[in-house]
There are 2 protein chains.
Amino acid sequence: MRERPYKHALDLLQRAGLRPTKQRLALARFLFDGHDRHVTAEQLHARALEDRVSVSLATVYNTLHQFTRAGLLREVVVDANRSYFDTNTSEHHHFFHEKTGELQDIRDVVVANLPQPPAGARIARVDVVVRLDDTDESGDVVTHSGPADRADI
Amino acid sequence: MRERPYKHALDLLQRAGLRPTKQRLALARFLFDGHDRHVTAEQLHARALEDRVSVSLATVYNTLHQFTRAGLLREVVVDANRSYFDTNTSEHHHFFHEKTGELQDIRDVVVANLPQPPAGARIARVDVVVRLDDTDESGDVVTHSGPADRADI
DNA sequence: TCAACAGTTTAGAATCGTTCTAAAGAAACC
DNA sequence: GGTTTCTTTAGAACGATTCTAAACTGTTGA
Ligand SMILES: [Mn+2]
Ligand SMILES: [Mn+2]
Ligand SMILES: [Zn+2]
Ligand SMILES: [Zn+2]
């Protein structure tokens, strides 16, 4: 929890050159409260409505993209049909719980031995997604499965 | 190029317990011709029509999912709004050309220092996606950009 | 061989996340 | 306050994918 969430959100918007509207302030206060969050547009929209902030889904999308452009968020691709936005913009990777759709930050993963990118291309970003099956107490797989890979050493 | 593509496709379908219909044979012959391929449903559909195989898009989707369930394909998630299917089912990772949507296999990437998965979960798969910006001869970035990360180590 | 059944294909509708449009509303500026 | 510029919004549109239900085809075994 931050001490002056309103002031902090205001600062972020001003630095991004975005007018501090009711909707943006509400979304920013929730998103940038000091926790690392991974939200979809729908989730953020639902959360705003819970807090009795009236905001349309279109505005939630607009705002998420503006925040992303401003470097306040980054988009994480883990699911072919849903976009996640991550408030942690530092270099890190993810566990993805396929059953629940939950993302979890992981740090210190080492990616080595990357081949040279083809001529005319350069690396914009490296994303590691560790997909997780949930198991029940018996150790049986609960979700749809497939042979489990292990990470290359 | 395979010597008896018809026979090979037939074998694959039979081992998967799928009836060798005209549509499945045509799709299988193209997909499993010995090359590693990364296709979207639309691309595969377009290709079939080029080859004058009449097949509906619904059947292409059905077939891709059946082949995936049978372990002949695997789905690769790199783009929030498009599903890629990969004929290379061995352990490997990808370059993703954000501009063109093209995927390219990379081998021998080392992923180390993965944290233990949370209790009740186990690793189903580890995916490394190296996103590439295309640059022109001057070295300037051609696509929309963002600060370029380098891989850890 | 052929009927009967089970599995397959398909057109078109439906769904779903996301983006667009254009008009109304709010912030900024003078 | 008046004017400009940016923002929000409802609702339509979009594009990828899935569903539906009816027609079709491969398989089986009498
Ligand atoms: Mn987007
Ligand atoms: Mn799918
Ligand atoms: Zn994260
Ligand atoms: Zn591949």
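In what follows, chains carry the letters A, B, and so on, assigned in the order in which the sequence lines appear, proteins first and then strands, with residues in each chain numbered from 1.
Of the candidates D:dA16, D:dT8, D:dG11, the closest approach to any side-chain atom of B:R82 belongs to D:dA16. Taking the side chain of A:N62 as heavy atoms from C-beta on, and the options D:dT9, D:dC19, C:dT18, the nearest nucleotide is D:dT9. Closest to the side chain of B:T21, from the set C:dA11, C:dT8, D:dT17, is C:dT8. With distances taken from any side-chain atom of A:P20 to the nucleotides D:dT9, D:dT17, C:dA28, the minimum falls on C:dA28. Distances were taken from every side-chain heavy atom of B:T59 (C-beta onward) to each of D:dT9, D:dT18, C:dT10; the shortest belongs to C:dT10. Taking only side-chain atoms of B:L18, from C-beta outward, the nucleotide of D:dT7, C:dT8, D:dT9 with the closest atom is C:dT8.
Residue A:L57 contributes atom CG, which lies 10 Å from atom P of C:dT19 at whole-angstrom precision. For the pair B:E42 CD and D:dT18 P, the interatomic distance rounds to 12 Å; values are reported in whole Å. In this structure, the CG atom of B:L13 is 16 Å from the P atom of C:dG7, given to the nearest Å. Between A:N81 atom CG and C:dT18 atom P the separation is 9 Å, expressed in whole Å. Separating the OH atom of B:Y84 from the P atom of D:dA16 is a distance of 11 Å, rounded to the nearest angstrom. When rounded to the nearest whole Å, the span between NZ of A:K22 and P of D:dT8 equals 10 Å. Following rounding to the nearest Å, A:L44 (CG) and C:dG17 (P) show an atom-to-atom distance of 15 Å. To the nearest angstrom, C1' of C:dA28 lies 12 Å from CD of A:Q14.
Remark: of the listed residues A:D86, A:D127, A:D108, A:D86 is the sole one forming a side-chain hydrogen bond (donor to acceptor under 3.5 Å, both in side chains) with A:H92.
Between B:Q23 and C:dT10, a side-chain N or O to OP1/OP2 separation shorter than 4.0 Å is present. At least one side-chain nitrogen or oxygen of B:H65 sits closer than 4.0 Å to the OP1 or OP2 atom of D:dT18. For C:dG17, neither phosphate oxygen OP1 nor OP2 lies less than 4.0 angstrom from any side-chain nitrogen or oxygen of A:T40. Contact annotation: A:Y61 side-chain N/O to C:dT18 OP1/OP2 distance is under 4.0 Å.
A:R19 comes within contact range of at least one nucleobase, with a heavy-atom separation under 4.0 Å.
Salt-bridge annotation for A:D51 and A:R47: present, with a side-chain N of the basic residue lying under 4.0 Å from a carboxylate O of the acidic one. A salt bridge does not link A:R29 to A:D33: none of the charged side-chain nitrogens sits closer than 4.0 Å to a carboxylate oxygen.
The residue among B:A80 and B:T63 whose nearest nucleotide of DNA chain C is located toward the 5' end is B:T63.
Using a 3.5 Å distance cut-off with no hydrogens or angles, the side chains of A:Q104 and A:H94 do not pair a donor with an acceptor. Side chains of A:E75 and A:S83: a donor on one and an acceptor on the other come within 3.5 Å.
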